[in-house]
Asks: 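First the structure, which I've put down as structure tokens, then a few questions once you've had a look.
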Amino acid sequence: MANKKKILILGTAYPFRGGLAAYNERLAEELQQTDDVEIWTFTVQYPKLFFPGKSQFSTDPAPKHLRITRLINSVNPLNWLMVGRRIRKMNPDIIITKYWLPIMGPALGSLLRLGKRKHTKVIAVLDNVVPHEKRPGDVAFTKYFLKPVDAFVAMSQSVLNDLRVFEPVKKASLIPHPIYDNYGPLISKEEARTQLKLQPGKRYILFFGFIRQYKGLDLLLQAMADERMKELDVHAIVAGEYYEDATPYLELLNKLQLGDRVLMHTDFIPNEAVKNYFCAADLVVQPYKSATQSGISQIAYHFEKPMVVTNVGGLVEMVPDGVVGFQAEPDPAAIAAAIEKYFVDNREADMVAALRKEKLQYSWSRLAKEIHILAAEGGNLKKKINLRV
């Protein structure tokens, strides 16, 4: 192909696990349909001292047909010099990197400065600009990362707004998070519940993902103690690993006497098991206290599961109220009311139909096309593309 581009993705990928790796790998699959694509990932992503989970590494097999090389040590400046020179020698046309935490700013910002040549275009995909949990150095590290970037993809309006505080004129497009379609096909609710050994005939809601304070699991547990949830016999499945002290949640479970109405599956959920949790649920609940966007919504879209989300950050952009789910205040009573409305009004059929229509706009091909457009334009340009119609 005459105009085939050499593209380097810098960031998380196999053998590391989680949504960042899944995103980069899926994007690479899409881009390599037309371009020459490599992923350079970490030898050290987070030092063990700073990693809150049990393991950073996947137990799944390596993704097929992707070129992934472990090179980057996120905390070693000598490594940045070495890898930066290798990037420069590689001479890529486009470098793509995700930005999600300011502590990654020094490493990624240095690699971009050292590695890019005059013709190289750097595109940053922004999960966050301002982090959920603030730490000293956030602003300085973020500014350092943003400076060598030529253009940005923001995955929610709130992230784009945050970006404009730091970078008012560089090109930036608003591209919603594409569908996570790499967790396998849909299976029936009955089959999924059999796999998880769930009781037949019950109403199940799902909280999925790493457990952190800003994600509001405590709000959901309090909502589960609401009399309306008891009367409807709603059961909750919590599927995800603790990324903080589990004690407050366990104490809350005991205090609220939720008993067997809340099932705690708090080990890391491997990729092949994700479909069981989503397909078994009637409703996915994201009770976040703060948010920019969430990959959980995009998994729910893939598995055609209606959602209840709190009306914070970019969640409201992804879940039109009353169409594919309900929005609620980040408050236990409001969350319980939204869950009650879904079940009492029998909204499953019409919301699933709406999900099938809505999810068509969240394609990886649109993201890949926009990356090429941003890389081709050059110069500063206030540009905002919203793909929602």
Side-chain angles (χ1 to χ4, degrees), residues 17-19 22 53-55 58-61 180-211 215-226 228-243 246-247 249-287 295-308 325 335-336 339-340 342-343 346-349 351-352 355:
R17 70 187 191 185
K54 297 175 183 176
S55 173
S58 173
T59 57
D60 295 317
Y180 272 138
D181 55 5
N182 47 334
Y183 293 111
L186 282 70
I187 61 175
S188 71
K189 190 179 292 185
E190 293 72 25
E191 181 182 350
R193 291 186 176 186
T194 299
Q195 290 289 333
L196 297 178
K197 298 180 172 58
L198 300 178
Q199 299 179 57
K202 299 290 186 181
R203 294 184 169 105
Y204 285 99
I205 62 175
L206 174 67
F207 175 100
F208 190 89
F210 299 133
I211 300 170
K215 293 189 176 183
L217 176 57
D218 56 329
L219 300 182
L220 180 59
L221 295 179
Q222 292 173 64
M224 284 296 295
D226 190 290
R228 292 169 289 185
M229 300 298 94
K230 295 178 183 178
E231 291 173 6
L232 288 168
D233 197 24
V234 174
H235 288 57
I237 306 168
V238 176
E241 186 179 347
Y242 286 110
Y243 264 41
T247 303
Y249 299 103
L250 299 177
E251 289 178 346
L252 190 58
L253 279 165
N254 184 58
K255 177 184 175 181
L256 297 175
Q257 298 181 340
L258 293 173
D260 61 359
R261 290 182 49 240
V262 176
L263 309 177
M264 302 294 287
H265 295 197
T266 53
D267 290 325
F268 181 81
I269 309 301
N271 287 352
E272 68 270 13
V274 171
K275 65 178 180 297
N276 294 331
Y277 287 92
F278 279 84
C279 292
D282 297 294
L283 186 67
V284 174
V285 182
Q286 298 177 72
I296 305 304
S297 299
Q298 301 311 89
I299 305 175
Y301 265 109
H302 171 61
F303 289 111
E304 298 172 359
K305 288 297 168 179
M307 290 164 268
V308 166
I335 293 167
I339 296 169
E340 178 193 36
Y342 174 77
F343 286 116
N346 296 313
R347 296 298 305 273
E348 181 175 32
M351 285 189 171
V352 169
L355 281 160

Asks: Would you say that L198 contacts L263 through its side chain, given a criterion of any heavy-atom pair below 4.5 Å between the two side chains?
Replies: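 A side-chain contact under 4.5 Å exists here.
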Asks: First locate atom CG of L258, then atom CG of L252, and finally report the distance between them rounded to the nearest 0.5 Å.
Replies: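 Taking CG in L258 and CG in L252, the distance rounds to 7.0 Å.
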Asks: With sequence neighbours left out, what residues match D233 under side-chain contact (heavy atoms from CB on, under 4.5 Å)?
Replies: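 Partners of D233 under the side-chain contact (heavy atoms from CB on, under 4.5 Å) test: K202, H235.
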Asks: Before accepting this row, confirm whether a basic side-chain N of the pair D282/R347 lies closer than 4.0 Å to the acidic partner's carboxylate O.
Replies: no
Asks: Check the side chains of T266 and E241 for a donor-acceptor pair under 3.5 angstrom, ignoring hydrogens and angles.
Replies: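 Not at all, the side chains of E241 and T266 share no donor-acceptor pair under 3.5 Å.
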Asks: Taking the side chain as every heavy atom from C-beta outward, state whether L232 and E340 have any pair of such atoms under 4.5 Å apart.
Replies: yes
Asks: Given F208, which of F303, F278, Y180 fulfils the ring pair (Phe, Tyr, Trp, His ring centres under 6.0 Å) condition?
Replies: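 With F208 as partner, ring pair (Phe, Tyr, Trp, His ring centres under 6.0 Å) holds for just one option, F278.
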Asks: Please check if the side chain of K197 supplies one atom and the backbone of T194 the other of a donor-acceptor pair under 3.5 Å.
Replies: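 Such a contact is absent between K197 side chain and T194 backbone.
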Asks: Side chains of I205 and M229, heavy atoms from C-beta outward: is any pair under 4.5 Å?
Replies: no
Asks: Please name the pair of heavy atoms, one in L283 and one in P306, separated by the smallest distance, quoted to 0.1 Å.
Replies: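 Reported closest heavy-atom pair: CD1-O, 3.4 Å.
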Asks: About how many Å separate CD1 of I299 and NE2 of H302, when rounded to the nearest 0.5 Å?
Replies: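 If I round to the nearest 0.5 Å, the distance is 9.5 Å.
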Asks: Between atom SG of C279 and atom NZ of K189, what is the distance when rounded to the nearest 0.5 Å?
Replies: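 Reported to 0.5 Å precision, the distance equals 10.0 Å.
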Asks: Between Y204 and Q199 (side chain of the first, backbone of the second, donor and acceptor by atom type, cut-off under 3.5 Å), is there such a pair?
Replies: yes
